[in-house]
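Notes to accompany the following structure.
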Amino acid sequence: MSAHKISDLLNGKVPVGETVSVKGWVRTRRDSKAGLSFVQIHDGTAFNAIQAVVQGTIANYEEEIVKLSAGCAVIVTGELAASQGKGQSVEIQAEKVEVVGWVEDPETYPVQPKRHSFEYLRDVAHLRVRTNTFGAVARVRNCLAQATHRYFHENDFYWVHTPIVTTSDAEGAGEAFRISTLDLTNPPRDDKGGIDYSQDFFGRETFLTVSGQLNVESYCNALSRVYTFGPTFRAEKSNTSRHLAEFWMIEPEIAFADLNQDADLAEDYLRYIFKAVLDERADDMAFFAQHIQKDAITRLEKFVDTSFERMTYTEAIGHLEKIVAKKPKKFEFPVSWGIDMQSEHERYLCEELCERPVVVMDYPKDIKAFYMRMNDDGKTVAAMDVLAPGIGEIIGGSQREERLDMLDARIAEMGLDKEEYWWYRDLRKYGTVPHAGFGMGFDRAVNYVTGMKNIRDVIPFPRATKLADF
RNA sequence: UCCUCGGUAGCUCAAUGGUAGAGCAUUCGGCUGUUAACCGAAAUGUUGUAGGUUCAAGUCCUACCCGAGGAGCCA
């Protein structure tokens, strides 16, 4: 007999009275000296575990059942029955319990049926997914990823696999990791004594990608609607709860579109994937609402039902200046038009002023990247940030500069080398069109949905400075 | 990288410069269709590392390592 999913048993998809079999891991065991034991078993298909009632009369009761501890792997076969106890509607009256894998030293098994700190669990990342919290995070993360592909597929986007290995980090998105097969202890030298990368694997300097955007623009200018979804690498030594050195980013890019359509897309997309979580992972979300963040569900529901607040950068600065006039000590950093807003400013906008995600548009050109489209005022560019309460910047996007002369002017202004961007500039020479896109930090989205505070706890095996275990 | 706080039993945490403690987990016993059960008992320590001050350091000082929160960078 093939095994049943525990989720099917708990959801009533299998009628009471049927003989069932589950394969999973023991969460807890409670004995009754009346001669029976209760064993909670989980298999990852649902948040809840199912209770197996094991009578003392079965063959291996004294030998094995009473020795089961958290983490043991078992196959339980028996009749699905209405529960006599409180706390669950159905349970399995076990007729046979096969122990597949023991926990060799229960005393030091790292995951105990009790509350552990997330910091501690990070040190046992290979086992932490067995806990309620990390199992729920893994299911919600998967749900968001599946919903992402479904959303873009349903809206005629093509998923483009942009390269992981890139030849330039000149985009300015951040510090890049160098990749090389040269002998680090004795690298080949060129005439000037520098390292001779022409002898390296790719015949030139190469790095891990910091963004797929430039590449995906190429596909956008032929396929109209495209997106990337893959790992992204930044070598900044950030030490915060919202940065990783290896993270997953989603970057849609749409042709014949301006910044407003870009913002519409961001909003529509986020609403879609959040609704998917509410629909498909109600069990896990109930847990997050109960133990991690009280308003986890109501906040998402509100998000799905209402539109984002939208304002221009200039308006945002106006709001901040009003606050400074009223309460001069509110912010640590000064506010004036032209500043790159500090975290405290962004938090005020989305957490206090609007109490929901805010789209800020049209930033001063001096604080934004070269490829963003110059507005008619000559002072601002068509850039947007989506700021989420508790997370900060969850999305950053822009309309791209499609006019070659303007693009060249910006490249020069920022001291970049035109030749490095020859193929990117080609896109402006051959059938150029207005287009726009954004990048969303996928892991930050998982943080936002689950209410988990640290980004290291929503990715299976986090990589950050001084952190590459497992 | 900077600022602040922290590191004590397997885990979560106590301990005026003066004998190293509790809860949970584990083991044993009791009780019970139990619900991270309950009652009783046992076992559990190089107090992050290396120095220093002191009659005496978990506690004070210095350096380093690791973690958390905040900042910067950003997604």
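In what follows, every chain begins at residue 1, and chains take the letters A, B, ... in the order their sequences are listed. What you are looking at is a predicted structure, and each value in this text was computed from that prediction instead of being measured.
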Q.
At 4.0 Å (heavy atoms only), tell me whether A:Leu244 reaches a base, stays on the sugar-phosphate, or touches nothing.
A. base

Q) Rounded to the nearest Å, what distance is computed from the CD atom of residue A:Glu332 to the P atom of nucleotide B:C3? A) 14 Å

Q: Considering only atom P, compute the distance from B:G7 to B:U47 and round it to an integer number of Å.
A: 14 Å

Q.
I want to check something: taking the side chain as every heavy atom from C-beta on, are A:Arg27 and A:Asn132 in contact at a cut-off of under 4.5 Å?
A. yes

(Q) In whole Å, I'd like the distance from the CD atom of A:Glu119 to the C1' atom of B:G7. (A) 12 Å

Q) NA contact type, A:Asn239, heavy-atom cut-off 4.0 Å: base, sugar-phosphate, or nothing? A) base

Q | Base partner of B:A63, which must satisfy Watson-Crick or wobble distances under 3.5 Å | A | B:U49

(Q) Closest approach to the side chain of A:Leu36, judged atom by atom: which nucleotide of B:C74, B:G33, B:C11 is it? (A) B:G33

Q) Are A:Lys379 and A:Trp337 in a cation-pi setup, meaning NZ or CZ lies under 6.0 angstrom from the ring centre and within 45 degrees of the ring axis? A) yes

Q | Rounded distance in Å between the C1' positions of B:C31 and B:G10 | A | 27 Å

**Q.** Phosphate OP1/OP2 of B:C11 contacted by A:Ser117 side-chain N/O (<4.0 Å)
**A.** no

Q: Remember a base hit wins even if backbone is also touched, and classify A:Gln55 as base, sugar-phosphate or nothing at under 4.0 Å, heavy atoms.
A: nothing

Q) Hey, is the side chain of A:Gln93 pairing donor to acceptor with the base of B:G33 inside 3.5 Å? A) yes

Q. What is the base-pairing partner of B:A15, counting Watson-Crick and G-U wobble geometry with both distances under 3.5 Å?
A. none

Q) Within the structure, does a side-chain N or O atom of A:Arg30 lie under 4.0 Å from either OP1 or OP2 of B:A37? A) yes

Q | Same-atom distance (C1') from B:G6 to B:A14, integer angstrom | A | 15 Å

Q.
On the side chain of A:Gln88, is there an atom forming a donor-acceptor pair with the base of B:U34 - under 3.5 Å, no angle test?
A. yes

Q.
Nearest whole Å is fine: how far is B:G33 C1' from A:Gln40 CD?
A. 13 Å

Q | Which nucleotide in B:U1, B:U34, B:G72 has an atom nearest any side-chain atom of A:Lys237 | A | B:U1

Q. Between B:C74 atom P and A:Phe247 atom CZ, what is the distance in whole Å?
A. 12 Å

Q) Does any nucleotide pair with B:G10 by Watson-Crick or G-U wobble geometry, both distances under 3.5 Å, and what is it? A) B:C24

Q.
Within the 3.5 Å criterion, strictly below it, is a donor on A:Ser398 or A:Arg400 matched to an acceptor on the partner's side chain?
A. yes

(Q) The side chain of A:Gln84 is closest to which nucleotide in this list: B:G33, B:C73, B:C74? (A) B:G33

**Q.** Along RNA chain B (nearest heavy atom to each residue), the more 5'-positioned of A:Ser69 and A:Arg242
**A.** A:Ser69

Q: Give none if B:U54 has no partner; otherwise give the nucleotide forming a Watson-Crick or G-U wobble pair with it, both distances under 3.5 Å.
A: none

Q.
Roughly how many Å apart are B:U8 and B:A22, using the C1' atom of each and rounding to a whole number?
A. 13 Å

Q. What nucleotide among B:A71, B:C11, B:G33 has an atom nearest to a side-chain atom of A:Ser343?
A. B:A71

(Q) Counting only side-chain heavy atoms from C-beta out, which of B:C73, B:G69, B:U35 sits nearest to A:Glu236? (A) B:C73

Q: Assess the side chains of A:Arg128 and A:Tyr120: does a donor N or O sit below 3.5 Å from an acceptor N or O?
A: no

**Q.** Pairing partner of B:G29 (Watson-Crick or G-U wobble, both distances under 3.5 Å)
**A.** B:C39

Q.
Can you measure A:Phe333 atom CZ to B:G70 atom P for me and round it to whole angstrom units?
A. 14 Å

Q: Would you please indicate if the ring centroids of A:Phe331 and A:His345 are separated by under 6.0 Å?
A: yes

(Q) Does the structure show a Watson-Crick or G-U wobble partner for B:U1, both distances under 3.5 Å? Name it, or say none. (A) B:A71

Q: State which residue, out of A:Phe229, A:Tyr158, A:Trp159, A:Tyr269, fulfils the ring-ring contact (aromatic ring centres under 6.0 Å, His included) condition with A:Phe152.
A: A:Tyr269

Q | Nearest-angstrom distance, P atom, B:C64 to B:G23 | A | 39 Å

Q) Is a donor-acceptor contact shorter than 3.5 angstrom present between the side chain of A:His243 and the base of B:C74? A) yes

Q: Return the value, rounded to whole Å, for the distance between atom OH of A:Tyr109 and atom P of B:U44.
A: 26 Å

Q.
When you measure from the side-chain N and O atoms of A:Asn454 to the phosphate of B:G69, is any distance below 4.0 Å, counting only OP1 and OP2?
A. yes

Q) Has A:Arg299 got its NZ or CZ under 6.0 Å from the middle of the six-membered ring of A:Phe274, at an angle within 45 degrees of the ring axis? A) no

Q) Using the C1' atom in both, what is the distance from B:G70 to B:U27, to the nearest Å? A) 45 Å

Q: Could you state the atom-to-atom distance from CG of A:Asp469 to P of B:G67 in whole Å?
A: 9 Å

Q) Hey, is the side chain of A:Gln342 pairing donor to acceptor with the base of B:G70 inside 3.5 Å? A) no

Q) Per the atom types in the model, does the base of B:C74 pair as donor or acceptor with the side chain of A:Ser238 at under 3.5 Å? A) no

Q.
If you define the side chain from C-beta out and look only at heavy atoms, does anything of A:Lys23 sit under 4.5 Å from A:Val100?
A. no

Q: Grab the CZ-P distance between A:Arg27 and B:U35 for me, whole Å please.
A: 18 Å

(Q) I'd like the C1' distance from B:U26 over to B:G18, given in whole Å. (A) 33 Å

(Q) Between A:Val335 and A:Ile317, is there a side-chain heavy-atom distance shorter than 4.5 Å? (A) yes

Q: Determine the Euclidean distance between corresponding P atoms of B:C24 and B:A37; express it in Å to zero decimal places.
A: 11 Å

Q.
Side chain of A:Lys466, heavy atoms from C-beta onward: which of B:C73, B:A71, B:C66 has the nearest atom to it?
A. B:C66

Q) With respect to the side chain of A:Thr28, which nucleotide from B:G33, B:C11, B:A37 is positioned closest? A) B:A37

